[in-house]
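See below for the structure under consideration.
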Amino acid sequence: MNFNNKLKHWYLQNNRELPWRKTKDPYHIWLSEIMLQQTRVAQGLPYYLRYIEAFPTVFHLAEASEEKVLKLWQGLGYYSRARNLHFTAKYIANELNGEFPGNYKDLLKLKGVGDYTASAIASICFNEAAAVVDGNVYRVLSRYFGIETPINSTKGIKEFKELAQTLIDTKEPGVYNQAIMDFGALHCKPQKPLCDECHISSSCVALEKDLVGTLPIKEKKIKVRKRYFNYLVLKTANGYTMLNERKGKGIWQGLYEFPLVETQKPIESVKELINDKGFEDLFQSDVSISLFNTKDVVHKLSHQHLYTKFWVIEIEKHIKATIKWNEVEEYPVPVLIDKFLTNFKKDKI
DNA sequence: AACTCGGGGCG
DNA sequence: CGCCCAGAGTT
């Protein structure tokens, strides 16, 4: 048996039952693939089910508000995926009459659809022999063939794609693609792979050369930036607060948050907060300010650690651009804000 | 080619 | 604490 037959054989006995595997509807496959980018199946699954229920067709998704789309994405991270998803849904619904592009080359043109996702949709939905190369595939191929080219180098990306393309089963490319990914996720895992019970280990170069622990090779490590956030949590006497939408570049585009004062260092006293530009008028009238969390809340992102203080500001006068507290939960917010809201509510009761 | 974009799970 | 996850877009 060749490589792909061995994998498919394993897959027939070990595949995961996942909701998007019951269909070849490109809308469902597309949705699942976008959600699972850099995301574990276990984390993405509940989001997929909620999306399918809220937006049964690409037309439902296209007609939804950006806020609703992001709200249902809340907590899944990488929010540009949701915005691109929405953009592409509108494009397909309005420009393509709801019909998905039917091949790899055209799928690749869609916003938010890269090499991996175009290959996945083309192979699963349209039986096109386009090989997927995700984190699982990099791991399986680098180990089995003993390839030491860094998987995140230009050379590595090209090399692994070409190799995968030579291995793909041209009759059942979709099954093969999912087989190698499941094999990587369940068997040839990053840590503690199941080499002892592996049915293809006899021809695995990494096992032979004791490289299982070092492959795949990834170059460069990410640098983490520290940031210091102060959120101004307004409470007016008649039940209003204030949220702002994050715009422009940077994290959490399109999500909402309390008015933010970011400083270069942790602030020592409330004075530094009041002196910050932009909120002078806020502190002129009678207000009482209290720090909600005695220790900084540390919220960790891949590239940033956010040291956060939540300042509760009770205020008598009405200020512009306010929303009611009971409307706050309608808005998509970062997990950092959502967790605060949970604690804040708990604290009040 | 290097950076940026989240959040969670695991050892 | 570091690594990884059904990657893609921007600089």
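A note on names: the letters A, B, ... follow the listed sequences, proteins ahead of strands, and every chain is numbered from 1.
- Contacts of V113(A) with the nucleic acid, taken as non-hydrogen atoms under 4.0 Å apart, involve only primed sugar atoms and P, OP1 or OP2.
- The distance from atom CD of Q191(A) to atom P of dG9(B) is 15 Å, rounded to the nearest whole Å.
- Atom C1' of nucleotide dC5(B) and atom CG of L301(A) are separated by 9 Å, given to the nearest angstrom.
- Two rings, from W73(A) and Y47(A), have their centers 6.0 Å or more apart.
- Residue whose closest nucleotide on DNA chain B sits further toward the 5' end, between K192(A) and Q253(A): Q253(A).
- Residue contacts shown for S80(A) are absent, as no nucleic acid heavy atom lies under 4.0 Å away.
- Following rounding to the nearest Å, K221(A) (NZ) and dA2(B) (C1') show an atom-to-atom distance of 17 Å.
- In the hydrophobic clustering of ILVMFWY residues, with side-chain heavy atoms under 4.5 Å counting as a link, L108(A) and F126(A) come out apart.
- Listed pair H299(A) / dG7(B) meets the phosphate criterion, a side-chain N or O lying under 4.0 Å from OP1 or OP2.
- Note: F292(A) and F310(A) fail the aromatic proximity criterion, with ring centroids not under 6.0 Å apart.
- Both L110(A) and V41(A) lie near DNA chain C, and the one whose nearest nucleotide falls closer to the 5' end is V41(A).
- The residue R83(A) sits apart from the nucleic acid: no heavy atom pair falls under 4.0 Å.
- Toward the 5' end of DNA chain C, the nearer of the two residues E33(A) and K111(A), judged by each one's closest nucleotide, is E33(A).
- The base of dG6(B) is paired with the side chain of T39(A) by a donor and an acceptor separated by under 3.5 Å.
- A close approach under 4.0 Å does occur between a side-chain nitrogen or oxygen of W252(A) and OP1 or OP2 of dG7(B).
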Show your reasoning for whether side-chain hydrogen bond (donor to acceptor under 3.5 Å, both in side chains) applies to S123(A) and E128(A). CA-CA 5 Å; S123(A) 63; E128(A) 183 176 345; over 6 Å; no

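- Regarding K249(A), its NZ atom lies at a distance of 16 Å from the P atom of dC3(B), rounded to whole Å.
- Remark on DNA chain B: of its neighbouring residues V335(A) and I222(A), the 5'-side contact belongs to I222(A), judged by nearest-heavy-atom nucleotide.
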Verdict with supporting geometry, V298(A) and T308(A), side-chain contact (heavy atoms from CB on, under 4.5 Å): CA-CA 6 Å; V298(A) 184; T308(A) 309; over 6 Å; no

Worked check of side-chain contact (heavy atoms from CB on, under 4.5 Å) between L232(A) and F258(A): CA-CA 6 Å; L232(A) 310 185; F258(A) 296 106; 5.6 Å; no

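- Among the heavy atoms of the strands, none lies under 4.0 Å from N177(A).
- For E330(A) and K71(A), the salt-bridge test fails: no basic side-chain N is under 4.0 Å from an acidic carboxylate O.
- Remark: P of dC5(B) and CH2 of W73(A) are 17 Å apart, rounded to the nearest angstrom.
- Straight-line distance from the CG atom of L36(A) to the P atom of dG6(B): 17 Å, rounded to whole Å.
- For the side chain to side chain donor-acceptor pair (under 3.5 Å) with Q178(A), the qualifying choice from R21(A), K8(A), E172(A), R16(A) is R21(A), the only one to do so.
- Atom-to-atom, OH of Y47(A) to C1' of dG6(B) comes out at 10 Å; the value is rounded to the nearest Å.
- G184(A) comes within 4.0 angstrom of nothing in the nucleic acid, heavy atoms only.
- At a threshold of 4.5 Å between non-hydrogen side-chain atoms, the residues Y240(A) and L234(A) do not count as touching.
- Separating the C1' atom of dG6(B) from that of dC3(C) is a span of 15 Å, rounded to the nearest Å.
- Bounding nucleotides for the chain A contact on DNA chain C, 5' to 3', at a heavy-atom distance below 4.0 Å, are dC1(C) to dT11(C).
- Using a 4.0 Å heavy-atom criterion, one finds that T117(A) contacts the sugar-phosphate atoms exclusively.
- dC3(B) and dA6(C): their C1' atoms are spaced 23 Å apart (whole Å).
- At a threshold of 4.0 angstrom between heavy atoms, the contacts of L18(A) include nucleobase atoms, whether or not backbone atoms are also involved.
- The NE2-C1' distance, from H305(A) to dG6(B), rounds to 12 Å in whole Å.
- Contact annotation for Q304(A): backbone-only contact, meaning every heavy-atom pair under 4.0 Å involves sugar-phosphate atoms and none involves a base.
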